[in-house]
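Since the model is a prediction, treat every value here as computed from it, not as a measurement. Numbered from 1 within each chain, the chains take letters A, B, ... in sequence-line order.
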There are 2 protein chains.
Amino acid sequence: MIAVTRDEPDKKIAQGALGSRPLYAQVRDLLIARISSGAWQPGDLIPNEFAIARELGVSQGTIRKALDSLAADNLLMRKQGRGTYVARHTPADMLFRFFNFFDAKGERIEPGSRDVQLSQGRASTPERQRLELGAAAKVIRISRLRTRAGEAFILETIVLPETFFPGLAQASRIPNTLYDHFQKAYGITVARGQERLTVALADVHLADRLGVVPGTPLMKLDRVMYGLQQQPVEWRVSLCRTDSAAYVVELR
Amino acid sequence: MIAVTRDEPDKKIAQGALGSRPLYAQVRDLLIARISSGAWQPGDLIPNEFAIARELGVSQGTIRKALDSLAADNLLMRKQGRGTYVARHTPADMLFRFFNFFDAKGERIEPGSRDVQLSQGRASTPERQRLELGAAAKVIRISRLRTRAGEAFILETIVLPETFFPGLAQASRIPNTLYDHFQKAYGITVARGQERLTVALADVHLADRLGVVPGTPLMKLDRVMYGLQQQPVEWRVSLCRTDSAAYVVELR
DNA sequence: GAGTGGTCTAGACCACCCT
DNA sequence: GGGTGGTCTAGACCACTCT
């Protein structure tokens with residue numbers, strides 16, 4: 001049995017302070033910072049509950065509440081008898097967590113991308129509204145064609161606040177899995193968002209890019225994604241073919 | 001302060017038994033039974049944590065874990081300083097919890113319904129697959145036109161296993177808010193489900209029913225809903241206009 | 001002020017996994 | 001056998017709500 005002799009309180013967390021956020025929420029933020037800073041890498045086994053509790057000067061139950069909440073959000077993976085691991089964002093199903101297209105067999109589609117184009121400029125009025133930016137703000141624009149088994153599938157337009165992604169506009173290559181890249185290269189974790197789905201008809205230009213006949217009905221996704229501090233980090237509009245693919249929603 | 005004198009253990013839950021499910025999960029099931037049996041009605045204030053703990057002979061922390069899990073599933077609503085309530089399916093935003101269409105202002109659309117038609121018969125092959133029914137099973141079919149501000153909006157086809165809804169096919173009137181009716185009249189709580197979204201073009205017949213020109217692109221929703229015991233209780237196909245309405249998804 | 005849920009702590013035992 | 005997370009208990013204090 002471990003004699004829980006607390007040598008020193010180490011880095012104490014704001015405790016008992018009036019109006020402060022709950023301890024477990026502060027622990028959660030601190031652990032999120034360790035993950036997004038790269039101190040804890042995806043796949044790493046992190047210290048056990050008692051070790052973290054001792055280090056932070058709080059009880060094991062509080063650590064557990066934070067860990068459970070992170071596991072529920074898919075940032076950690078817990079295995080009884082083994083330990084707690086930082087979730088790999090590399091396995092396909094995690095990389096495409098916010099990608100809701102499935103094929104007829106119920107398998108998640110894992111798109112590729114090509115024809116990537118980058119540009120930069122002052123934010124337009126709708127861009128400023130969606131991304132909650134000031135009047136003079138600059139944005140980076142990415143357009144690309146997403147593919148499925150090599151075939152055109154989705155035409156995407158992505159808008160990013162320039163302040164969060166310095167230098168991205170000059171990048172020579174943009175990875176397929178953008179949110180993973182945001183986290184690794186800019187320390188920005190895309191945590192949640194909202195997507196509005198409507199339908200549209202392919203005009204001549206769209207039809208050409210997507211390899212369909214003009215007049216084909218398409219699904220249009222309009223999404224804004226937010227970071228861990230609830231700041232808008234991306235506005236994305238996607239025009240999708242839905243022949244032999246469906247957008248799947250879990251209702252709870 | 002309450003003197004926690006435990007008079008009698010009352011109805012003890014299987015405790016310590018080898019291989020038994022966790023206590024909090026058993027408490028959860030028991031509370032679900034109280035809700036779905038109608039012993040606790042939607043809107044009711046349920047006893048506080050200590051009272052339930054005393055009644056069941058377990059600790060308050062265990063009750064809390066069960067209550068928190070039910071609240072996370074939207075079966076209960078907890079309010080600090082007030083108490084724990086059985087979730088109402090009656091307020092508009094609860095009644096239409098699984099209805100994800102929003103208008104341009106971001107308000108949830110609350111549809112009406114008309115032209116309701118009822119029929120009954122042997123389940124077809126796709127119906128048996130979706131609803132996990134045996135070869136000779138019967139189903140009830142409902143079709144209706146859902147309206148928005150009086151105008152045609154969605155054409156719906158609903159299929160229900162006859163065993164769960166005895167006599168429904170002979171009903172003289174079908175309420176607009178079906179899931180609420182299922183709960184009140186048949187004790188079936190629709191708890192979760194899955195919806196597959198694709199796009200389709202309105203043919204002449206559809207266009208006529210929905211008041212659009214033939215060739216208009218529509219959104220097609222194909223959903224299966226499940227009850228508290230994970231049994232399929234409904235298959236529903238909806239064809240929706242999306243002019244000035246969008247299907248909104250929260251990404252987490 | 002009384003009652004409620006929300007947070008935090010401390011300690012116990014169990015089931016599972018490794019070596 | 002030793003370490004891990006999973007469950008359960010018991011008790012304390014806080015924040016919120018109602019009257």
Side-chain angles (χ1 to χ4, degrees), chain A residues 1-6 9 12-31 44-72 75-87, chain B residues 1-6 9 12-31 40 44-72 74-87:
Chain A
M1 198 163 306
I2 305 168
V4 190
T5 52
R6 188 185 299 171
K12 264 266 168 113
I13 298 188
Q15 211 165 352
L18 220 131
S20 71
R21 302 183 60 212
L23 259 185
Y24 73 88
Q26 298 178 49
V27 172
R28 190 178 192 280
D29 290 347
L30 192 151
L31 300 184
D44 281 2
L45 174 66
I46 74 172
N48 72 46
E49 299 175 346
F50 282 102
I52 303 176
R54 206 164 50 243
E55 183 207 350
L56 299 181
V58 301
S59 86
Q60 172 257 2
T62 301
I63 300 298
R64 163 156 295 176
K65 195 159 181 181
L67 293 178
D68 282 346
S69 124
L70 289 169
L75 291 174
L76 296 177
M77 211 181 48
R78 315 198 73 188
K79 291 212 175 173
Q80 185 173 158
R82 296 188 49 194
T84 302
Y85 297 81
V86 179
Chain B
M1 198 163 304
I2 304 168
V4 189
T5 52
R6 188 186 298 171
K12 265 263 170 116
I13 298 188
Q15 211 165 352
L18 220 130
S20 71
R21 302 184 61 211
L23 260 185
Y24 73 87
Q26 298 179 47
V27 172
R28 190 178 191 279
D29 291 347
L30 192 153
L31 300 185
W40 287 348
D44 280 2
L45 175 66
I46 75 172
N48 71 47
E49 298 175 346
F50 282 102
I52 302 177
R54 208 166 47 244
E55 182 207 350
L56 300 181
V58 300
S59 87
Q60 172 257 1
T62 300
I63 300 298
R64 163 156 297 177
K65 196 160 180 181
L67 294 178
D68 282 347
S69 124
L70 290 169
N74 295 311
L75 291 174
L76 296 177
M77 212 182 46
R78 314 198 74 188
K79 293 213 173 172
Q80 186 174 162
R82 297 186 49 191
T84 303
Y85 297 82
V86 179

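At whole-Å resolution of the value, CG in B/L67 and P in D/dC8 are 14 Å apart. Atom-to-atom, CZ of A/F50 to P of C/dC8 comes out at 17 Å; the value is rounded to the nearest Å. Between B/Q60 atom CD and C/dA10 atom P there is a gap of 18 Å when expressed in whole angstrom units. Counting to the nearest Å, the C1' atom of C/dG5 and the CD1 atom of B/I52 are 12 Å from each other. Between B/M77 atom CE and C/dT4 atom C1' there is a gap of 14 Å when expressed in whole angstrom units. If you take CD1 of B/I63 and C1' of D/dC8, they are 12 Å apart, rounded to a whole angstrom. At whole-Å resolution of the value, NZ in A/K65 and C1' in D/dG5 are 18 Å apart. The interatomic distance linking B/L70 (CG) with C/dG5 (P) rounds to 14 Å, in whole Å.
Here the side chain of A/E49 is nearest to one of C/dC8, C/dT9, D/dG5, namely D/dG5. Side-chain atoms of A/L23 lie closest to C/dC8 of the nucleotides C/dC8, D/dT17, C/dG6. For A/Q80, counting side-chain heavy atoms from C-beta on, the closest listed nucleotide (C/dC8, C/dC16, D/dC8) is C/dC16. Nearest to the side chain of B/R82, among D/dT17, C/dG6, D/dT9, sits D/dT17. Listed nucleotides C/dT4, C/dC8, D/dT9 differ in distance to B/N48; the shortest reach to its side chain belongs to C/dT4.
One finds the CZ atom of B/R28 at 10.5 Å from the CG atom of B/L67 (value rounded to the nearest 0.5 Å). Taken from CD1 in A/I52 to CG in A/L30, the straight-line distance is 9.5 Å, to the nearest 0.5 Å. Summarising the geometry, atom CZ belonging to B/R82 is positioned 7.0 Å from atom CE belonging to B/M77; distances are rounded to the nearest 0.5 Å. Rounded to the nearest 0.5 angstrom, A/L76 CG and A/D44 CG are separated by 11.0 Å.
A close approach under 4.0 Å does occur between a side-chain nitrogen or oxygen of A/T84 and OP1 or OP2 of D/dG5. Taking 4.0 angstrom as the limit, B/R78 places none of its side-chain polar atoms (N or O) nearer than this to OP1 or OP2 of C/dT4. Proximity of A/T62 to the phosphate of C/dT9: a side-chain N or O atom is located under 4.0 Å from OP1 or OP2.
Put simply, the side chain of B/L31 does not reach to within 4.5 Å of the side chain of B/I63, judged on heavy atoms.
Where A/G81 and A/Y24 each meet DNA chain C at their nearest nucleotide, the meeting point lying more 5' is that of A/Y24.
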